[in-house]
Each structure stands twice: as C-alpha cells, then as structure tokens.
Amino acid sequence: MANFHFEADAFDELEKIFDKLSNTNTDICKKAVNKAAPVLEKGIRKAFETKATGGYATGNTAKSFAPTNAKKNQYGVYSVVRPVGKNEEGVDYAKIAAIMEYGTQYRTAKPYMETAINSTRDKCEAVMQEVFSEEIDKITGG
C-alpha cells in the first residue's frame with residue numbers, strides 16, 4: 001500500500017493571501033480608479049477643445065472638467081469626470097457641455113465623450129492594471 005503525505009502550508013499561505021485580498025479589494029479598486037481618472041479627464045478636455053468650433057465652447061468649459069473620488073455601488077467602483085461650476089454669465093458648465101454633446105434644435109451636436117473614452121481607454125486600463133499589480137505584490141510579498 002502506498003503512503004501519501006500532503007503539505008498544506010502552501011494552501012494556508014494562499015488562504016491568507018485571499019483573505020487579505022478579499023478584505024482590501026474595494027480599496028484597491030478605488031485606488032486604481034482614482035489614479036486613472038486624471039487620464040480620462042485629460043482626454044475629455046482634449047476632445048472637448050477639439051470639437052469646440054463656431055463659438056460653442058471656451059477654454060473655461062474645458063478646464064471645468066474634474067473627476068470625483070471613486071465610490072462603490074451595486075455595479076462596482078466608479079468615478080465621474082464632469083464639468084463643475086458656472087461661467088461668468090452664470091451658466092452651468094454642465095449645461096454647456098451637454099449642449100455640445102447632444103446639440104439643440106438650433107445647434108448641431110458636437111459629440112466629444114465617445115472620442116475621449118476611445119482615446120483614453122487603453123491608457124486608463126494600463127494605469128489601473130499597474131495599481132492592481134502593485135497592490136497584489138504588496139499583499140503577496142512579491
């Protein structure tokens with residue numbers, strides 16, 4: 001009859017790593033999203049300025065875009081990059097940005113969001129992956 005000996009130390013260590021990861025996964029995701037948000041912000045500003053023609057937008061509207069701190073809801077961790085504040089005439093930058101994106105009955109839409117998202121997707125994903133890898137290395141000691 002064969003004799004079987006099994007070392008469970010490696011599995012104990014693996015379980016500890018998974019416990020640490022499960023306890024910090026939201027924090028790691030928030031760090032990753034917060035680090036990627038400025039990349040998207042820059043892309044949105046650039047796309048907005050590029051699409052802004054015919055007096056539809058000013059540099060102040062483009063400068064008004066700012067990311068929120070990452071939050072978690074039932075769908076996951078997210079941040080929003082949105083225009084904040086009002087111009088010198090008291091018009092919300094969000095309204096100006098919405099008119100630019102969707103147009104009105106008097107103004108043609110100049111959509112910029114899809115351009116911004118497509119141009120920054122790979123960089124945002126790379127930044128988030130980098131943060132995730134660093135955090136995993138901290139947990140695993142690697």
Side-chain angles (χ1 to χ4, degrees), residues 2 4-142:
F4 181 72
H5 178 56
F6 181 72
E7 290 290 327
D9 291 343
F11 288 107
D12 291 340
E13 288 300 314
L14 189 59
E15 184 178 16
K16 288 178 187 176
I17 290 169
F18 284 140
D19 284 343
K20 286 181 187 176
L21 185 57
S22 69
N23 292 333
T24 60
N25 65 356
T26 299
D27 293 336
I28 293 170
C29 291
K30 284 181 178 180
K31 273 186 192 177
V33 169
N34 282 332
K35 191 157 184 186
V39 175
L40 179 59
E41 176 187 1
K42 185 177 178 181
I44 290 174
R45 286 180 180 188
K46 182 178 177 184
F48 188 86
E49 289 171 344
T50 302
K51 299 284 182 168
T53 58
Y56 284 127
T58 66
N60 288 335
T61 303
K63 291 175 189 173
S64 74
F65 285 93
T68 61
N69 283 327
K71 296 177 184 157
K72 183 181 179 193
N73 66 13
Q74 69 269 27
Y75 303 109
V77 175
Y78 69 96
S79 176
V80 178
V81 178
R82 59 185 169 74
V84 178
K86 297 179 182 210
N87 68 7
E88 58 280 349
E89 297 167 358
V91 179
D92 284 332
Y93 287 124
K95 181 177 181 178
I96 296 168
I99 290 170
M100 181 77 167
E101 179 74 13
Y102 302 110
T104 68
Q105 65 185 12
Y106 305 108
R107 291 189 177 172
T108 305
K110 304 283 185 187
Y112 59 92
M113 289 301 287
E114 186 175 358
T115 302
I117 291 167
N118 290 338
S119 69
T120 60
R121 175 177 280 127
D122 291 342
K123 178 67 174 163
C124 287
E125 288 174 356
V127 167
M128 289 189 289
Q129 182 62 51
E130 180 183 320
V131 170
F132 182 75
S133 296
E134 288 172 2
E135 294 298 318
I136 295 300
D137 285 348
K138 287 179 188 176
I139 290 171
T140 62

*Distance-minimising heavy-atom pair for A97 and F65*: CB-CZ, 4.0 Å
*When rounded to the nearest 0.5 angstrom, what distance separates OG1 in T61 from NZ in K63?*
10.5 Å
*Looking at residues at least two apart in the chain, or sitting in another chain, which of them share a salt bridge (Lys or Arg N to Asp or Glu O under 4.0 Å) with K86?*
D92
Donor-acceptor pairs under 3.5 Å, side chain of residues 116-133 to any protein atom, not counting sequence neighbours: which ones?
{"from": "N118", "atom 1": "OD1", "to": "R121", "atom 2": "NH1", "distance (Å)": "3.4"}
{"from": "N118", "atom 1": "ND2", "to": "E114", "atom 2": "O", "distance (Å)": "3.3"}
{"from": "S119", "atom 1": "OG", "to": "T115", "atom 2": "O", "distance (Å)": "3.1"}
{"from": "S119", "atom 1": "OG", "to": "A116", "atom 2": "O", "distance (Å)": "3.1"}
{"from": "T120", "atom 1": "OG1", "to": "A116", "atom 2": "O", "distance (Å)": "2.8"}
{"from": "Q129", "atom 1": "NE2", "to": "S133", "atom 2": "OG", "distance (Å)": "3.2"}
{"from": "S133", "atom 1": "OG", "to": "Q129", "atom 2": "O", "distance (Å)": "3.0"}

*With sequence neighbours left out, what residues match K30 under salt bridge (Lys or Arg N to Asp or Glu O under 4.0 Å)?*
none
Name every donor-acceptor pair, under 3.5 Å, that has one atom in a side chain of residues 66-82 and the other anywhere in the protein, sequence neighbours excluded.
{"from": "T68", "atom 1": "OG1", "to": "V80", "atom 2": "N", "distance (Å)": "3.0"}
{"from": "N73", "atom 1": "OD1", "to": "Y75", "atom 2": "N", "distance (Å)": "2.8"}
{"from": "N73", "atom 1": "OD1", "to": "G76", "atom 2": "N", "distance (Å)": "3.2"}
{"from": "S79", "atom 1": "OG", "to": "T68", "atom 2": "O", "distance (Å)": "2.6"}

*Spacing of E101 atom CD and F48 atom CZ [to the nearest 0.5 Å]*: 9.5 Å
*Taking salt bridge (Lys or Arg N to Asp or Glu O under 4.0 Å) as the test, write out the residues that go with E41, two or more places apart.*
R45
*After noting the C-alpha distance and the side-chain angles of V84 and Y93, does the key distance pass the side chain to side chain contact (heavy atoms under 4.5 Å, CB included) rule?*
CA-CA 6 Å; V84 178; Y93 287 124; over 6 Å; no
*Are N87 and N60 close enough, and set up right, to give a side chain to side chain contact (heavy atoms under 4.5 Å, CB included), and what steps lead you there?*
CA-CA 7 Å; N87 68 7; N60 288 335; 6.0 Å; no
